[in-house]
Amino acid sequence: MEFPQTVRAKTEELTDGIPLARLRQTAARLSERYRNDGGSKRVMTAEEAAVYSAVRMPATYGAVGATLSYALESTDGTFESIMDVGAGTGAAVLAADALVLPERIICLEREDAMRTVGKELCGAYGGAAADAEWSCFDIASDSIKDSADLVLSSYMLNELSPDKISGAVDKMWSAARKMLLIVEPGTPAGYKVIREVRERLIAQGAYIAAPCPHAGVCPASADDWCHFACRVARSRLHKLLKDGDAPYEDEKFTYIAASRKPCTPAPSRIMRRPYVGKGKISLRLCTESGFEDRTVTSRDKSGFKAAKKAGWGGKYN
């Protein structure tokens, strides 16, 4: 999914007039803060929220768009309302809005500066996002008093202390009328969180829509982790702030999509970037019976064609 141009233009407008050197310093400070403490101790200034939107929103938009697309393949995809817990500057709801066209959007966010920027960016996007209901909310201490068909959480649980995660998950699952989608960084630590969330939701009767082809024990070993990636186009401002020339970056993420009703999960999920050789494609798959390494040759015309179209994170029949 391509990050909306109207929103990209607005993020650049928010940083217009601030010297580039200062913007880079702010971007570096935010990266350091998230790398060291997950952002849990942050209190955002208006400038930091604006820089955050330029640096992080496209990647979050891409990751949520990819994961929700996978989940929609397993469900009816009808969500009249969306709730984003820890909404930041609105990237997740913009991705969801583009895919499911909800009538109502609820954004819960602790930081005043993030809510202010989020309202501006959602207004620039239009649609249901422009009328999103923003509220000051801290998942660690507040109760969710509303509900929605689809509840989202992206890059939020990793900000909490370990003793707060289970309670946060229970709150979000209680608020989800149809589906709960949680996205975390594609790191061993991020997957550890997702794995624990998966087990907790299954114990509460949830059906796994994606990425898992089954609800059994995860086959990943202690030195492995389930993660995926999406390619995100970089704007000129993004390249300047990250001090890089590449026109894109790969955002790695891990996630779980849990449904209230039975769904049809993928027969198998592609767990690594496919390796394309001469006349063959090698795939690492997660199947109902565990991990499987499969090589598809050009002799298998239909299988080879499907493998060529498939990508890391996609389903494979």
Tell me, with the steps shown, if Glu196 and Lys192 meet salt bridge (charged side-chain N to carboxylate O under 4.0 Å, His left out). CA-CA 6 Å; Glu196 292 171 356; Lys192 182 177 183 294; 2.8 Å; yes
Worked verdict on Arg22 versus Glu47 for salt bridge (charged side-chain N to carboxylate O under 4.0 Å, His left out): CA-CA 10 Å; Arg22 198 168 96 196; Glu47 183 176 307; 2.6 Å; yes
Given Gln204 and Asp170, is the side chain to side chain contact (heavy atoms under 4.5 Å, CB included) satisfied, shown in steps? CA-CA 9 Å; Gln204 296 184 47; Asp170 291 347; 2.8 Å; yes
Apply the test side chain to side chain donor-acceptor pair (under 3.5 Å) to residues Ser81 and Arg177: give CA-CA distance (whole Å), side-chain angles for both, the deciding distance (0.1 Å), then the verdict. CA-CA 9 Å; Ser81 55; Arg177 293 197 290 263; 2.8 Å; yes
Go through the steps to decide whether Ser298 and Lys280 satisfy the test side chain to side chain contact (heavy atoms under 4.5 Å, CB included), and finish with yes or no. CA-CA 6 Å; Ser298 55; Lys280 64 180 182 181; over 6 Å; no
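Salt bridge absent: Asp142 and Arg110 never bring a charged side-chain N and a carboxylate O closer than 4.0 Å. A salt bridge links Arg104 with Asp146: the closest approach of a Lys/Arg side-chain nitrogen to an acidic carboxylate oxygen falls below 4.0 angstrom. Residues Arg272 and Asp224 are paired through a salt bridge, judged by an N-O separation under 4.0 Å between the basic side chain and the carboxylate.
Put simply, the side chain of Trp312 gets close to the backbone of His227: a donor and an acceptor are under 3.5 Å apart. A donor-acceptor pair under 3.5 Å is formed between the side chain of Arg115 and the backbone N or O of Glu109. The closest donor-acceptor contact from the side chain of Arg284 to the backbone of Phe291 lies at 3.5 Å or more, if one exists at all. At least one donor-acceptor pair closer than 3.5 Å links the side chain of Ser74 to the backbone N or O of Ala209. When atom types are taken as modelled, the side chain of Lys171 and the backbone of Ile139 share a donor-acceptor pair closer than 3.5 angstrom. A donor-acceptor pair under 3.5 Å links the side-chain atoms of Ser259 to the main chain of Lys261, judged by distance alone. A donor-acceptor pair under 3.5 Å is formed between the side chain of Glu184 and the backbone N or O of Leu157. Panel note: side chain Tyr316, backbone Gly303; a donor-acceptor pair is recorded below 3.5 Å. Counting only distance, with no hydrogens or angles, the side chain of Thr287 and the backbone of Ser289 share a donor-acceptor pair below 3.5 Å. Panel note: side chain Lys119, backbone Ala130; no donor-acceptor pair is recorded below 3.5 Å.
Counting heavy atoms from C-beta on, the side chains of Asp131 and Ile105 never come closer than 4.5 Å. Two residues are said to be in side-chain contact when any heavy atoms from C-beta on lie closer than 4.5 Å; Cys286 and Pro219 meet this criterion. By the 4.5 Å heavy-atom criterion applied to side chains, Ser153 and Val183 are not counted as neighbours. Residues Leu150 and Met83 fail the side-chain proximity criterion, which asks for heavy atoms closer than 4.5 Å. Contact check for Asp300 versus Ser302: side-chain heavy atoms found under the 4.5 Å cut-off. No side-chain heavy atom of Leu283 sits under 4.5 Å from any side-chain heavy atom of Asp293.
Between Thr89 and Arg56, the side chains place no donor N or O within less than 3.5 Å of an acceptor N or O (distance only, hydrogens not considered).
Under the 4.5 Å side-chain heavy-atom criterion for grouping Ile, Leu, Val, Met, Phe, Trp and Tyr, Leu108 is connected to Ile165 within one hydrophobic cluster. At a threshold of 4.5 Å between side-chain heavy atoms, the hydrophobic network of Ile, Leu, Val, Met, Phe, Trp and Tyr places Tyr191 and Leu201 in one connected group. Following chains of ILVMFWY side-chain contacts shorter than 4.5 Å, one cannot reach Trp134 starting from Val117, and the two form parts of different hydrophobic clusters. A continuous path of ILVMFWY side-chain contacts below 4.5 Å connects Trp173 to Val151, so both sit in one hydrophobic cluster. Grouping the Ile, Leu, Val, Met, Phe, Trp and Tyr side chains by contacts below 4.5 angstrom, directly or via other members, places Ile18 with Leu237.
Taking every heavy atom of both residues into account, Met271 and Cys226 meet most closely at CE-SG, 3.5 Å. Residues Val232 and Glu251 come closest through the heavy atom pair CG2-CB, 4.2 Å. Summarising the geometry of Tyr61 relative to Met1, their closest heavy-atom pair is OH-CE, 3.3 Å, with the distance given to 0.1 Å. Contact detail for Arg29 and Glu48: the closest heavy-atom pair is NE-OE2, 3.3 Å. Across Gly216 and His214, no two heavy atoms sit closer than the pair N-ND1, 2.9 Å. Contact detail for Lys315 and Ile270: the closest heavy-atom pair is O-CD1, 4.4 Å.
By the 6.0 Å contact criterion, CD on Glu288 is open, its count of non-hydrogen atoms from other residues, nucleotides or ligands being 12 or less.
A cation-pi geometry, defined here as NZ or CZ lying under 6.0 Å from the six-membered ring centre and within 45° of its normal, does not hold between Arg234 and Tyr248.
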Tell me which donor-acceptor pairs under 3.5 Å the side chains of residues 92-103 have, and how far apart each pair is, sequence neighbours excluded?
from, atom 1, to, atom 2, distance (Å)
Asp97, OD2, Ala129, N, 3.3

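The six-membered or imidazole ring of Phe228 lies near that of Tyr255, with a centre-to-centre distance under 6.0 Å.
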